[in-house]
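For reference, the structure discussed in these notes is given below.
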Amino acid sequence: MSERRDDETLVACAKRADEAALVELFVRFEPLVRRRAAHFSGEGLEQEDLRQEGMLGLLSAVRNFDDGKGASFRTFAGLCIDRRMRTAVRTASRQKRAPRKAPVSLEEMPPTQEIADSREVDPENLVIEKESLETAKQLVSRHLSAFERTVLELYISGCDYREMARQLGKSRKSVDNALYRIRRKLNRQQS
């Protein structure tokens, strides 16, 4: 039986384009995202939309986490998830009756900040996460195309749209569309 890797180790691996580490982080933090979405529901967005925003906040946390700052990843991720959801609620309240004409770009994520360390350890979640990890890995590999997996790896490693487009020989719009599809597909699998 393999040991459970800590959050910070998984983040470091995900930043090096380790897809399994990223999937494990998605699975590990999905209960937190659901709880936070339930907290913000009723404020202008459906829970599903809030969960989507929360997962984008988690992606932002993976991308921007600095282990040298002294905060735990769990605390930092919680802040990023909450900020992303708050921003979505504020935006929705400004545009109550106006339908969205285009998806929100992943580059428009709110800024992050340093925060104090506070660990949450829940044995029940540990068991659930272990059981869900293999299923999540299969879902990501089954539902994302090779191009989408490559785009996601580049995004997690910190590349901006321009750099991803250059490396892939595609337009920035193609990269943006791929990230939108990834978000949509991952969101569908959470339902």
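Nothing here was measured: the structure is a model prediction, and the numbers come from that model. Along the sequence shown, residues carry numbers from 1.
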Worked check of side-chain contact (heavy atoms from CB on, under 4.5 Å) between V175 and Y155:
CA-CA 10 Å; V175 170; Y155 179 77; over 6 Å; no
Contacts of [X] that satisfy side chain to side chain donor-acceptor pair (under 3.5 Å) - sequence neighbours left out:
X	result
R166	E163
S174	S171
D82	R36

May I ask you to test the [X]-[Y] pair for a side-chain heavy-atom distance under 4.5 Å?
X	Y	answer
Q167	C159	yes
E53	V33	no
L168	L154	yes
E148	R181	yes
F76	N64	yes
R184	Y180	yes
L59	L22	yes

Would R90 and T87 count as a side-chain contact (heavy atoms from CB on, under 4.5 Å) here? Give the steps.
CA-CA 5 Å; R90 274 195 306 270; T87 299; 3.4 Å; yes
Could you state the interatomic distance from [atom1] ([X]) to [atom2] ([Y]), rounded to the nearest 0.5 Å?
X	Y	atom1	atom2	result
R74	D6	CZ	CG	11.0 Å
L58	C80	CG	SG	8.5 Å
E19	L144	CD	CG	7.0 Å
R84	L50	CZ	CG	11.5 Å
M55	F26	CE	CZ	5.0 Å
S60	F65	OG	CZ	12.5 Å

Quick one: does K15's side chain have a donor or acceptor within less than 3.5 Å of a partner on L10's backbone?
no
Is a donor on one side and an acceptor on the other found under 3.5 Å between the side chain of T75 and the backbone of A71?
no
What pairs with R16 under side chain to side chain contact (heavy atoms under 4.5 Å, CB included), at least two apart in sequence or on another chain?
A12, C13
Could you check whether K170 makes a cation-pi contact with F147, meaning its NZ or CZ is under 6.0 Å from the centre of the six-membered ring and within 45° of the ring axis?
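The answer is yes; both the distance and angle limits are met.
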Could you report the tightest heavy-atom contact between A165 and R172, atom names first, then the distance?
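In this case the closest contact between A165 and R172 is CB-N, 3.8 Å.
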Looking only at heavy atoms, which two atoms of V62 and V11 are closest? And how far apart?
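Closest approach of V62 to V11, heavy atoms only: O-CG1, 3.8 Å.
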Is the ring pair F73/F29 parallel, tilted or perpendicular, if the boundaries are 30 and 60 degrees?
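Rings of F73 and F29: perpendicular, as their planes differ by over 60°.
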